[in-house]
There are 2 protein chains.
Amino acid sequence: MRSTSSHEAVPATTPAASLVFTTVLSHGPLTRTEIARRTMLSSAAVTKAVRPLMEVGYLVEDLNDGARSALGRPANPVRVNAGRAFFIGVKVTGDEIIAVLADLCCRIRVARHIRLTHREPEAVLPSMTSLVHELLLEAEGFGVQVRGLGIAVSGDVDRADGVVRYSPFLDWRDVPLAGIAETATGLPVTVDNDVRALTVAEQWFGAGVGLSDFALVTVGAGIGCGLVVHGQVVSGAHGVAGEIGHLSIDPLGPPCHCGNNGCVEAIAADPAILRAVRKVTGRAVTTAAEALELARSGDPGVREIYARAGEAIGRAIGAVVNLLGPERVIISGEGLAAYDLFAEGIRNAFAASAFGTAAECDVMTRPLSFEEWARGAAATAIQSFIGSDTD
Amino acid sequence: MRSTSSHEAVPATTPAASLVFTTVLSHGPLTRTEIARRTMLSSAAVTKAVRPLMEVGYLVEDLNDGARSALGRPANPVRVNAGRAFFIGVKVTGDEIIAVLADLCCRIRVARHIRLTHREPEAVLPSMTSLVHELLLEAEGFGVQVRGLGIAVSGDVDRADGVVRYSPFLDWRDVPLAGIAETATGLPVTVDNDVRALTVAEQWFGAGVGLSDFALVTVGAGIGCGLVVHGQVVSGAHGVAGEIGHLSIDPLGPPCHCGNNGCVEAIAADPAILRAVRKVTGRAVTTAAEALELARSGDPGVREIYARAGEAIGRAIGAVVNLLGPERVIISGEGLAAYDLFAEGIRNAFAASAFGTAAECDVMTRPLSFEEWARGAAATAIQSFIGSDTD
DNA sequence: GGCTGTTCTTTTCCTCTGTCAATGAAAGAA
DNA sequence: TTCTTTCATTGACAGAGGAAAAGAACAGCC
């Protein structure tokens with residue numbers, strides 16, 4: 001395990017302080033009494049935890065107390081000072097690096113991206129480093145210090161060691177990315193799987209706030225799934241988890257690169273849809289946008305392909321819900337652009353496959369800009385910075 | 001939530017004491033130094049935690065130090081005094097009640113069962129109560145006090161409230177079982193889902209000891225699955241979790257009572273196998289044992305049915321492993337009698353569906369006597385008695 | 001048999017965290 | 001102005017766990 005403790009002081013020193021800070025971070029401005037209620041701490045403990053955090057500027061009093069309560073001394077809400085620290089999040093894909101500068105509340109301040117021509121670590125790392133340096137310069141312009149760098153990579157990533165064990169898209173094996181990036185940038189680095197990073201962002205700053213069990217399903221070039229169980233992101237004993245894309249839905253379905261037939265990814269991921277659209281229409285459709293346009297223009301064959309894809313996704317979600325019984329499933333990803341075409345299939349297939357009360361699970365969608373992946377990486381950096389674990 | 005704290009003092013008062021006790025409970029006799037290492041406590045803290053537990057007799061010094069280590073002061077291992085307290089575990093099925101008297105180490109001392117003719121709570125509860133009283137008498141014979149009663153019921157059970165929300169097999173709805181049983185027996189009662197109870201038993205006393213993530217798959221009249229993630233049993237936000245039986249494997253497969261086609265349960269559970277065997281052989285096969293005999297005698301059609309069932313189970317396990325990445329999967333249940341017929345199908349289907357390093361997951365079998373379900377219930381009672389959470 | 005080295009266990013402070021209960025602060029209401 | 005109500009802080013306190021030193025129990029060695 002790498003030592004990240006050699007870096008600057010983290011805002012939360014005691015468990016209680018960490019708990020208080022993450023609570024305020026996720027649940028917006030809160031009065032001290034409210035914090036005490038949520039964290040199950042005494043109000044005295046909250047005061048003691050808040051003070052040092054305010055002294056170093058991570059928390060500030062929220063003076064905007066428009067709605068005065070009826071009686072008694074007015075409450076003094078506290079919120080996180082978003083501009084107190086910045087973080088950089090980087091998402092590395094096979095042909096692009098996306099980087100964002102995010103504040104302490106994980107709001108994107110600046111976004112940059114560059115295309116990649118080569119995928120070897122030796123080619124990617126310098127590009128990444130220069131992109132990070134650009135953003136460091138931007139941060140300097142804001143007069144805010146960057147306190148951490150998060151890097152999201154698809155595949156089998158060991159966050160504890162900061163090593164990319166195997167990334168199929170990048171064709172990387174056992175790359176000690178955190179160590180390399182740390183020496184190149186001088187920042188504390190957190191490396192994590194891309195879907196898990198996105199899940200962390202949802203857990204702390206998105207639709208997963210306050211939930212101890214939820215799933216995030218990403219639809220796009222691949223089908224991924226991030227899981228939060230008992231308030232913690234699931235990583236899997238062997239680095240693999242949430243591999244919803246290779247749930248085999250139909251033994252007679254199209255072959256998947258994993259060797260099986262009818263995997264969700266072989267039916268509902270962008271490449272699979274494009275392949276099917278080409279086959280049905282005979283046209284050389286190469287982008288998801290083109291396929292989408294064909295479907296929207298009313299082509300029944302193409303619409304059917306999307307309907308099937310929606311069904312596959314719905315069944316996959318049903319499997320997750322039956323197995324884990326999460327409170328909520330968040331559907332996201334670039335593929336969400338076609339959600340109107342998926343929706344019915346997802347809804348019906350989910351309703352059919354969800355067993356008993358599991359059907360009560362709230363299935364929602366959440367649009368995802370391409371920068372969001374990098375924001376997820378920033379969220380992991382914030383998480384490491386605070387040095388705590390769960391909600 | 002019911003108040004169980006009104007009962008007798010639990011052995012562990014502080015978090016550390018609870019941690020120490022569960023560690024010794026699960027990991028057999030341990031020296032204090034070893035306990036300190038495993039719990040990450042200081043040796044001083046271990047001494048302080050162990051002393052009161054020894055004074056009240058829950059822990060004893062294990063004098064059987066046959067293998068003396070080479071040098072230094074000999075270590076003094078500590079173990080749980082199994083006979084210090086007894087627990088009763090009860091499993092209620094549609095046509096039978098199984099009850100066991102178990103010691104603090106969850107070893108079965110006495111087992112009893114009676115058949116049921118009616119399933120209404122009004123008919124079942126008196127039978128259960130009399131069975132419990134029989135075992136209480138047995139315990140008196142041992143001169144040991146019974147400190148808790150665990151009841152395992154299939155279906156949607158809310159352990160925190162002690163209410164059976166819905167049990168399809170028993171046709172029970174919203175039965176406040178814990179409260180009723182508490183007044184009837186005077187014991188602290190824990191009610192839980194049967195598969196979860198079995199999972200708890202494995203986690204604390206079986207093949208799940210020391211693992212933070214594992215799955216238990218039960219094969220028999222139904223196909224069930226208990227999950228442990230991050231060291232805690234998964235219960236699901238809506239009471240449903242581990243519903244592996246209704247994972248749809250084959251859209252063209254046989255219809256399932258849940259409304260879908262090709263569910264694992266519709267292929268690999270006992271009733272499904274019997275149905276298929278009757279169809280293939282034309283004979284009036286009514287018990288699993290008969291079907292098994294036909295298969296063992298070499299009937300290729302019947303063997304094929306078992307092979308298909310094994311494949312379905314293997315694919316279901318693959319789904320669990322891809323989703324959660326557990327360290328181990330334990331296959332158990334009455335259906336394990338046919339494991340030799342399942343084995344190849346399970347192995348192959350699992351190997352094919354497991355994605356990447358998830359295939360490294362250890363898949364093992366574990367025979368399950370019919371009393372084991374009741375033992376699981378006893379394990380939940382022990383867990384409640386200790387009043388702690390995880391390993 | 002005493003001495004020494006080694007390892008396990010206990011004891012003795014000591015720190016530090018969070019709670020309790022009382023006090024202070026900031027309003028509106030009477 | 002004074003009272004009431006609610007929020008926030010303070011200071012004394014209990015108790016949990018850690019560090020370090022002492023104690024205990026053995027084997028081996030002279």
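Order of the sequence lines fixes the chain letters, A, B, ..., with proteins taken first and strands second; residue numbering starts at 1 for each chain.
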Q.
Within the 4.0 Å heavy-atom criterion, would you say A:Ala16 contacts the bases, only the backbone, or no part of the nucleic acid?
A. sugar-phosphate
Q: With heavy atoms under 4.0 Å as the rule, sort A:Thr33 into base, sugar-phosphate or nothing.
A: sugar-phosphate
Between [N] atom [atom2] and [X] atom [atom1], what is the distance in whole Å?
X       : N      : atom1 : atom2 : result
B:Met40 : D:dG17 : CE    : P     : 15 Å
B:Glu34 : C:dT7  : CD    : P     : 15 Å
A:Arg51 : C:dG18 : CZ    : P     : 14 Å
B:Glu61 : D:dA25 : CD    : P     : 11 Å
A:Met54 : D:dA8  : CE    : P     : 11 Å
B:Leu19 : D:dA16 : CG    : P     : 15 Å
A:Ile35 : C:dG18 : CD1   : C1'   : 16 Å

Q. At their closest point, which heavy atom of A:Tyr58 faces which heavy atom of A:Leu104, and how far apart are they?
A. CD2-CD2, 3.6 Å
Q | Exercise: identify the closest heavy-atom pair between A:Arg79 and A:Asp62 | A | NE-OD1, 2.7 Å
Can you see if the side chain of [X] gets near the phosphate of [N] - specifically, an N or O under 4.0 Å from OP1 or OP2?
X       : N      : result
A:Arg32 : D:dT9  : yes
B:Thr47 : C:dT11 : no
B:Thr14 : D:dG17 : yes

Q: Compute both the distance and the angle, then confirm whether B:Arg147 meets the cation-pi test with B:Phe385: under 6.0 Å from the six-membered ring centre, within 45 degrees of the axis.
A: no
Atom pairs under 3.5 Å: protein N/O with N/O of nucleotides 21-23 of chain D:
from, atom 1, to, atom 2, distance (Å)
D:dG23, N2, B:Arg73, NH1, 2.4

**Q.** No-hydrogen, no-angle side-chain donor-acceptor test under 3.5 Å, A:Ser384 and A:Arg159
**A.** yes
Looking only at the side chain of [X] (C-beta and beyond, no hydrogens), which of the listed nucleotides [options] gets closest?
X       : options                : result
A:Pro74 : C:dA26, D:dG17, D:dA8  : C:dA26
A:Ala75 : D:dG11, D:dC7, D:dG17  : D:dC7
A:Ala44 : C:dG18, D:dG11, C:dT11 : D:dG11
B:Leu71 : C:dT6, D:dC7, C:dA27   : C:dT6
B:Asn76 : C:dT9, D:dT10, D:dG17  : C:dT9

Do [X] and [Y] touch side chain to side chain, with heavy atoms closer than 4.5 Å?
X        : Y        : value
A:Val191 : A:Val163 : no
A:Phe86  : A:Gln145 : no
B:Leu30  : B:Arg38  : yes

Q: Kindly indicate whether the side chain of B:Lys48 and the base of D:dG18 share any N or O donor-acceptor pair separated by less than 3.5 Å?
A: yes
Q) Step by step, would you call B:Val228 with B:Asp213 a side chain to side chain contact (heavy atoms under 4.5 Å, CB included)? A) CA-CA 5 Å; B:Val228 171; B:Asp213 297 81; over 6 Å; no
